[in-house]
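Let me begin by presenting the structure, written as structure tokens, before commenting on it.
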Amino acid sequence: MLDIKLIRERPTFVKNNLSRRGNPEFIEMLDKLIALDKKWRLDLTELNKLRHKRKKATNEIASLKKINKDISNSIKKAKNLDGLIENLEKEVVVEKKKIKEYLLKIPNLLHETVPIGLDENKNVQLKKWGEIPNFDYAIKNHIELGTKLQIIDIKRAGKVAGSRFFYLKGSGVLIDLALINFAIKEMTNKGFELVEPPYLMRREAYQGATALADFEDVLYKIENENLYLIATSEHPLVAMFMKEVIEEKNLPLKIAGISPCFRKEAGSHGKDTRGIFRTHQFNKIEQFIFCTPEQSWLLHEELLSNAEDIMKKIGLPYRVVNVCTGDIGTVAAKKFDIEVWMPAQNAYREIVSCSNCTEYQSRRLDIRYREKEGAPVKGFVHTLNSTAIATGRMIVAILENFQQEDGSIIIPEVLREYMGNIKKINL
RNA sequence: GCCGGGAUGGCAGAGUGGAUAACGCGCAGGCCUUGAGAGUCUGUGGACCUUUAGGUCCGCAUGGGUUCGAAUCCCAUUCCCGGCGCCA
């Protein structure tokens, strides 16, 4: 959510920034918001005047009553104002609500370094790491590999839960858990505190964590309850501190969230339908940071480098892209994606997403900071998030990149200690 | 799920139908002091208008209701605590 004061004081600046997203709807919304805000302030001032009049009348009643004088005239005077006040009150409430709605829909301001572009094709490659493997035999995709090795069962998952679900079995489970444990070690070594969040969240909290428009497409709602399954641990992690004031000595607050993620993936029909690249449920270890505005851009780079370290240690070739204005989403001011090489697709595909959300989430959730206890609040914290490891996609990458001619898989060395020191997954 | 208790500023906590939501802690500033501390004075919820100063309204979990007037009375909802029940 943007600061309404900033919009009032520097409307052109905000408009220019929003226009970089290339969606005229946002400009329309902003114009409507500005006009509505103006009207709201006028009406509010008028309402306050009326309320003042009534207040004076009721005070009069109190003092007349004390000296046993007749109050029927004064009561009439006060009652006459009621209708006017009630009507204007309703108007003001409706206006305020609409203003809030616009504010919740208008996306975050973009950092100046975000490249302009309509879609992911305009994302700018920043760096590349690792050698793309050269296979001198016909390679298999992760579905063939996983099925043959009996570590992934998509068919039976379809029978039981529908498409985009999967069973992991045997060594598949071990890799999944090894990835989690490896990520835990990496994050702990880098000073992150481990957190297992609730997997369900109330609407009030969820609305602060993400954009309203994302709800229906992405989130599973529990029937007859005000609860949603989390799409990523980022959401319960940021909401964890809603309505709180954090002391500066505790910033930056670094958290590693561990949880399954549930996503409807509505609107992605036909995209990545086969296999476990895009599924309704997967496990993820997430990096999350609360910090001061001064710290956030440096920490954004740090989160990226943490995620890159993991890629390097596992040994997967990847590239980093600076996500462009059309692809960046509502809440981020700037976003890096790490894309891993997927041999069977002959392409780099997203495996890590690393965002600086500046104060967009914290303003919605009212997460502020102050110098120390009792001191006045300084402002809203900045929030950042980045994937550490999303196990589903990582398993796809490992199977495809480390496959051997006979269909076996070489296990990356860093994972072996968590898998009983086996080096290979064989049939 | 049932019964009971509760929700007031950054924190603690009074106020049970009538003007400014008390006192305190913390924090900020002034005075005092070589400095710190102690002491002392002032300030310390939000919004809007006007801005040198100031003015007005809102705010006691949320939403309704009663009343000329609600933190206070009534109804509903949410959350927290305790007890009982159920349960991995």
Side-chain angles (χ1 to χ4, degrees), chain A residues 1-9 11 33-103 196-208 221-222 224-228 236 239-251 253 260 290 292 359 362-381:
Chain A
M1 188 164 73
L2 301 185
D3 185 0
I4 185 77
K5 280 184 187 154
L6 180 73
I7 294 173
R8 274 177 207 152
E9 283 160 21
L33 170 65
I34 289 169
L36 196 60
D37 177 58
K38 217 170 216 171
K39 179 153 193 319
W40 172 72
R41 279 145 67 203
L42 284 174
D43 287 345
L44 183 65
T45 305
E46 181 59 28
L47 175 63
N48 284 347
K49 279 181 191 163
L50 289 173
R51 279 173 169 165
H52 179 56
K53 274 191 197 170
R54 184 173 62 183
K55 206 174 196 178
K56 278 209 303 212
T58 61
N59 285 341
E60 206 175 276
I61 293 167
S63 48
L64 285 176
K65 223 176 168 182
K66 251 180 209 161
I67 52 174
N68 282 321
K69 287 220 169 148
D70 178 46
I71 56 171
S72 56
N73 257 341
S74 304
I75 288 181
K76 225 182 264 171
K77 201 159 49 168
K79 267 194 165 174
N80 278 341
L81 287 165
D82 275 355
L84 283 175
I85 290 176
E86 209 177 306
N87 285 337
L88 196 53
E89 235 164 26
K90 271 182 197 154
E91 231 172 285
V92 166
V93 166
V94 170
E95 284 162 4
K96 184 79 194 277
K97 210 173 144 194
K98 273 191 193 155
I99 288 171
K100 185 78 194 273
E101 272 168 30
Y102 281 126
L103 279 174
E196 265 188 28
Y199 301 161
L200 296 155
M201 278 170 75
R202 292 205 195 99
R203 190 181 182 94
E204 182 202 14
Y206 227 120
Q207 180 166 294
K221 187 177 193 313
I222 306 296
N224 299 324
E225 304 261 4
N226 180 27
L227 287 170
Y228 296 80
M240 193 172 171
F241 289 90
M242 67 191 283
K243 296 176 186 167
E244 291 195 26
V245 182
I246 304 175
E247 280 165 51
E248 226 171 327
K249 65 167 193 248
N250 295 324
L251 299 174
L253 182 56
F290 296 93
T292 67
E359 57 171 52
S362 59
R363 186 183 295 281
R364 284 167 170 245
L365 287 165
D366 193 22
I367 306 171
R368 295 165 296 167
Y369 71 104
R370 63 184 169 198
E371 198 187 330
K372 54 186 166 183
E373 200 186 328
V377 297
K378 278 192 170 174
F380 293 97
V381 296

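Predicted model only: the values in this text are computed from it and were never measured. Letters A, B, ... mirror the listed sequences (proteins, then strands); counts begin at 1.
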Q | B/S/- contact track for nucleotides 57-66 of chain B, protein heavy atom under 4.0 Å | A | SS--------
Q | Contact pattern, 5' to 3', of nucleotides 73-81 of chain B - B, S or - by protein heavy atom under 4.0 Å | A | ------S--
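We find that CD of A:E95 is positioned 14 Å from P of B:C48, with the value rounded to whole Å. We find that CG of A:D366 is positioned 13 Å from P of B:G9, with the value rounded to whole Å. One can place NZ of A:K243 at 13 Å from P of B:C11, the figure rounded to the nearest angstrom.
Residue A:R41 has a polar side-chain atom (N or O) positioned under 4.0 Å from OP1 or OP2 of B:C49.
Heavy-atom nearest nucleotides on RNA chain B were determined for A:I4 and for A:R368, and the one closer to the 5' end corresponds to A:R368.
Heavy atoms from other residues, nucleotides or ligands lying under 6.0 Å from NZ of A:K100 number 12 at most. Annotation for A:E86: atom CD does not count as buried by contact number, only 12 or fewer foreign heavy atoms lying within 6.0 Å. Atom NZ of A:K221 has more than 12 neighbouring heavy atoms from other residues, nucleotides or ligands inside a 6.0 Å radius.
In terms of heavy-atom proximity, A:R8 sits nearest to A:D37 at NE-OD2, 2.7 Å. Of all heavy-atom pairs spanning A:F380 and A:Y369, the tightest one is O-CE2, 3.5 Å.
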Q) How does RNA chain B look in dot-bracket notation if pairs are Watson-Crick or G-U with both distances under 3.5 Å, crossing ones as [ ], other-strand ones as |? A) ((((((((.[[...)..(.....]]((((((.......))))))(((((....)))))..[[[[[..)....]]]]])))))))....
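When the C1' atom is compared between B:U78 and B:A28, the two are found 36 Å apart, to the nearest whole Å. Nucleotides B:C84 and B:A14 are separated by 27 Å at their P atoms, to the nearest Å.
Note that CG of A:L253 is 12.0 Å distant from CD of A:E247, once rounded to the nearest 0.5 Å. Annotation: the span from A:I99 atom CD1 to A:L36 atom CG amounts to 4.5 Å, rounded to 0.5 Å.
Between A:E248 and A:R370 there is no salt bridge, since no side-chain N of the basic residue sits under 4.0 Å from a carboxylate O of the acidic one.
When atom types are taken as modelled, the side chain of A:R51 and the backbone of A:I85 share no donor-acceptor pair closer than 3.5 angstrom. A distance-only check finds a donor-acceptor pair linking the side chain of A:S362 to the backbone of A:V381 [under 3.5 Å].
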Q. Can you check side chain to side chain contact (heavy atoms under 4.5 Å, CB included) on A:K53 and A:K49, steps first, answer last?
A. CA-CA 6 Å; A:K53 274 191 197 170; A:K49 279 181 191 163; over 6 Å; no
